[in-house]
Every structure is written in structure tokens, then in C-alpha cells.
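Have a look at the structure below before the remarks.
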Protein chains: 2
Amino acid sequence: MVKRTSFEGDGCPIARSLEVIGDWWSLIIIRDAMLGLRRFGEFQSKLGVAKNILSARLRSMVDHGILETAPASDGSAYQDYLLTPKGRGLFPILVALRQWSEEFDDAPEEIDTIMIDRAKGRPVKKLELHAEDGRLLSLADITLKPRPAPRRRSAG
Amino acid sequence: MVKRTSFEGDGCPIARSLEVIGDWWSLIIIRDAMLGLRRFGEFQSKLGVAKNILSARLRSMVDHGILETAPASDGSAYQDYLLTPKGRGLFPILVALRQWSEEFDDAPEEIDTIMIDRAKGRPVKKLELHAEDGRLLSLADITLKPRPAPRRRSAG
DNA sequence: CAACATAGTTTCATTATGCAACCACTGGAG
DNA sequence: CTCCAGTGGTTGCATAATGAAACTATGTTG
């Protein structure tokens with residue numbers, strides 16, 4: 001086979017996530033879904049993505065439980081694409097992508113929006129990774145270990 | 001043009017990040033660089049990626065300041081690919097991808113590693129987004145606003 | 001029902017990716 | 001220095017993913 005390498009079945013959770021949302025458009029679509037877009041045409045006109053690509057991505061994300069279809073909120077017979085809890089769970093990934101650009105982009109003056117805390121109207125802090133005891137952790141502070149075998153209730 | 005849509009010049013920082021590391025292999029390579037891989041052949045044999053693809057990705061990431069080349073640490077005349085601070089800044093993105101899989105993966109029993117706090121050997125907490133005043137924030141608590149014009153020192 | 005909008009699918013061209021073969025350079029043995 | 005295996009690529013070709021536009025089907029408006 002000469003098809004694109006699949007990360008499916010890989011035990012690495014990063015690879016497993018990228019297998020689902022690691023393509024060119026999915027996260028962009030999710031970003032706009034989080035901004036409130038829900039109709040096929042809204043995504044299509046805002047993003048300028050080809051309709052066949054949009055159709056394929058929406059279907060894939062519905063299949064993966066990231067989006068779900070629902071009767072259109074405007075009462076028409078068309079459908080909305082809404083984020084599921086699994087889809088909303090992508091929020092930290094989008095925040096991390098945003099903050100990386102904010103911190104390291106070569107042309108930060110081209111960034112046109114900032115993310116603010118709705119209640120106070122102030123910029124948010126950087127995402128933080130903490131230990132169970134609350135210590136702030138960075139790359140050097142973590143390591144990987146094999147996943148412990150899950151406890152079995154019965155089947156002994 | 002029929003080439004792949006570029007997000008270059010887009011003002012959205014998420015799109016800007018994806019423009020750089022949103023392809024099929026970059027984040028996987030970065031993941032392994034964070035695990036300590038540094039030589040072309042190490043990436044090639046561990047990932048099984050085609051050498052032309054690996055070559056193109058490494059070059060792109062060096063061009064973007066995510067990786068840098070250095071004389072090989074083993075004294076040979078070959079070179080190492082090392083993470084720059086900008087590259088290490090991708091760490092939260094990888095953590096977010098990992099945690100999304102850990103929380104929502106349809107087959108979590110296939111995940112083979114967990115990330116632990118090196119000091120205590122305990123799993124880390126979920127990434128958290130906080131307001132300036134420390135409140136924990138979720139998707140519903142944030143909004144976007146136009147980036148304020150940067151202050152000018154002179155040129156008046 | 002006519003006319004138009006929405007939400008796709010199909011077709012075809014182009015780009016990206018994958019694999020294999022090839023090439024250049026390194027480092028060691030003789 | 002020559003021979004040769006290993007490293008680090010590049011090149012060429014096949015296939016898969018993507019993009020633009022045309023086409024289809026259904027919904028909506030009047």
C-alpha cells in the first residue's frame with residue numbers, strides 16, 4: 001500500500017489524537033464551531049474550503065463523535081452541526097495552539113485577536129500543567145511510563 | 001491555484017500555528033525529539049517515515065526555528081536535530097493532544113503510556129486555563145476581541 | 001409550479017505522501 | 001589511499017488527499 005501512513009492502532013495517545021483531528025481542516029472547523037458556527041454554509045463561506053472537503057470533514061467528525069447533527073435552530077429543514085462534549089474537549093488543544101503562536105510567532109503583529117476572560121475582559125493566563133500536589137511542571141519535569149494494567153473485576 | 005490552502009497571512013493564531021505544524025508528521029517528530037531523539041536515522045527507524053518526507057519536515061522545522069542543527073553529540077561528523085526554545089514551547093500542545101485522547105478515546109485500553117510527574121512518579125493533572133485572577137476558565141468563559149494596537153515608542 | 005438557496009456529490013486537475021532506488025559523504029579496515 | 005559498510009540524504013514514480021467547478025437533489029419562497 002502507498003496510502004498515507006495511519007497512526008491507528010498506535011499506542012501513543014498523541015498519535016491517536018492526530019489520527020482523528022490531525023488533518024489540514026478539522027481543527028479549523030472546530031475552532032469556528034466553538035465560535036458559534038453550525039451550518040454547512042456558514043463554515044463553507046467563512047472558511048472558503050471546498051464543499052467536498054468540508055463535507056468529508058464534517059462526516060468524519062460526526063463519525064468520531066466530535067460533532068453531532070441536529071435539526072436546524074432556525075426552524076428550517078436543514079441541519080446544524082453541533083459540538084459534542086468530546087468536541088468541546090478539544091478546547092485546550094486550540095488554546096495551546098493559539099498561545100504558541102502568541103508567544104513564538106515570527107510576525108505577531110499579524111495576529112488579529114486575543115482571547116479574553118469574558119467576566120473581566122482581561123487576557124487569560126498561559127495554560128499550565130500541574131502535578132497532583134500542585135507544582136507547576138514543564139517538559140523536563142515529566143516522563144512516560146507504561147500504562148498500568150486496568151483492574152479486573154472478575155474473569156479471574 | 002489548486003494547491004493546498006495556505007493559512008499564511010491569516011490573522012488567527014490557531015491557523016498560524018497549524019500552518020507551521022499542522023501537517024501529518026511534524027508533531028510526531030517533535031514528540032520524539034522531546035523524548036530525546038536527535039539523529040536523522042533515529043527518527044527514521046523509530047517512526048518508519050519515508051526519508052524524503054522526514055528530510056522535508058526536518059528542513060521545514062529548522063527553517064521555522066523549531067529545530068536547530070548541531071554537531072552530533074557522539075563526535076561523528078553528522079548532525080543532531082535539537083529542539084529550540086520555540087520547539088520546546090510546543091509542549092503544551094502535545095500535552096493537550098495526549099490528554100484529549102486519554103479522556104475521550106474510543107479505545108483507551110490501547111493507550112500504552114501515561115505521563116507522570118518525574119519527581120513523585122504520579123500522573124499529572126489536566127491542563128488548566130486560568131484568568132488573571134486565578135479563576136479556572138472553560139470554553140464558555142472566554143471570548144475573543146480584536147488585538148489592541150501596539151504602543152508606539154516614537155515615529156510620531 | 002417557477003425561481004432561487006442550501007447542502008451536498010461527482011469529476012477532474014494538482015499537490016502531498018509513500019516507497020524504492022540511487023547518490024554523496026563518513027569512518028574504519030587494510 | 002582504496003575498499004566497503006553505514007549514514008543522510010535526493011530523485012523518480014505511484015497513489016492518496018485536496019481543490020475548483022460543475023452537477024444534483026432537496027428546501028424555501030412566492
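No experiment lies behind these values; they were computed from the predicted model shown. Within every chain, numbering begins at 1; the chains are lettered A, B, ... in the order of the sequence lines, protein sequences first and strands thereafter.
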What is the distance from CZ of B:F43 to C1' of C:dG18, rounded to the nearest Å? 20 Å
Answer yes or no: is there an ion pair linking A:R147 with B:D112, defined by an N-O contact shorter than 4.0 Å? no
Rounded to whole Å, CH2 of B:W25 lies from P of D:dA16 at a distance of 17 Å
Base, sugar-phosphate or nothing for B:A50? Non-hydrogen atoms, less than 4.0 Å. base
Grab the CD1-C1' distance between B:I28 and C:dT17 for me, whole Å please. 15 Å
By nearest heavy atom, map A:S76 and A:V49 onto DNA chain D; which one lands nearer the 5' end? A:V49
A:R4 CZ to C:dT15 P: how many Å, rounded? 18 Å
If I take atom CH2 in residue B:W24 and atom P in nucleotide C:dG18, what distance separates them, rounded to the nearest angstrom? 9 Å
Centroid-centroid under 6.0 Å between A:F7 and B:W25 rings: yes
What does the B/S/- profile of nucleotides 3-10 of chain D look like, 5' to 3', with a 4.0 Å heavy-atom cutoff to protein? ---BSBBB
Quick one: do B:K86 and A:D105 make a salt bridge, cutoff under 4.0 Å? no
How long is the line joining CG of B:L47 and P of C:dT17, in whole Å? 15 Å
Length of the CD-P vector between A:Q44 and C:dA5, whole Å: 15 Å
Please walk me through it: do B:R16 and B:D10 pass salt bridge (Lys or Arg N to Asp or Glu O under 4.0 Å)? CA-CA 7 Å; B:R16 298 175 71 82; B:D10 191 316; over 6 Å; no
Which pairs would a plain distance check flag for residues 118-137 of chain B, meaning a side-chain donor or acceptor within less than 3.5 Å of a matching protein atom at least two apart in sequence or in another chain?
| from | atom 1 | to | atom 2 | distance (Å) |
| --- | --- | --- | --- | --- |
| B:R118 | NE | A:A140 | O | 3.2 |
| B:R118 | NH2 | A:I142 | O | 3.0 |
| B:K120 | NZ | A:D133 | OD2 | 2.7 |
| B:R122 | NE | A:E132 | OE1 | 2.9 |
| B:R122 | NH2 | A:E132 | OE2 | 3.2 |
| B:K126 | NZ | B:E103 | OE1 | 2.7 |
| B:E128 | OE1 | B:H130 | NE2 | 2.9 |
| B:H130 | ND1 | B:G134 | O | 2.9 |
| B:E132 | OE1 | A:R122 | NE | 3.0 |
| B:E132 | OE2 | A:R122 | NH2 | 3.3 |
| B:D133 | OD1 | B:R135 | N | 3.1 |
| B:D133 | OD1 | B:R135 | NH1 | 3.0 |
| B:D133 | OD2 | A:K120 | NZ | 2.8 |
| B:D133 | OD2 | B:R135 | NH1 | 2.7 |
| B:R135 | NH1 | A:D117 | OD2 | 3.1 |
| B:R135 | NH2 | A:D117 | OD1 | 2.9 |
| B:R135 | NH2 | A:D117 | OD2 | 3.3 |

Distance check needed: C:dA13 C1' versus A:I53 CD1, whole Å only. 13 Å
Are any non-hydrogen side-chain atoms of A:C12 and B:R31 less than 4.5 angstrom apart? yes
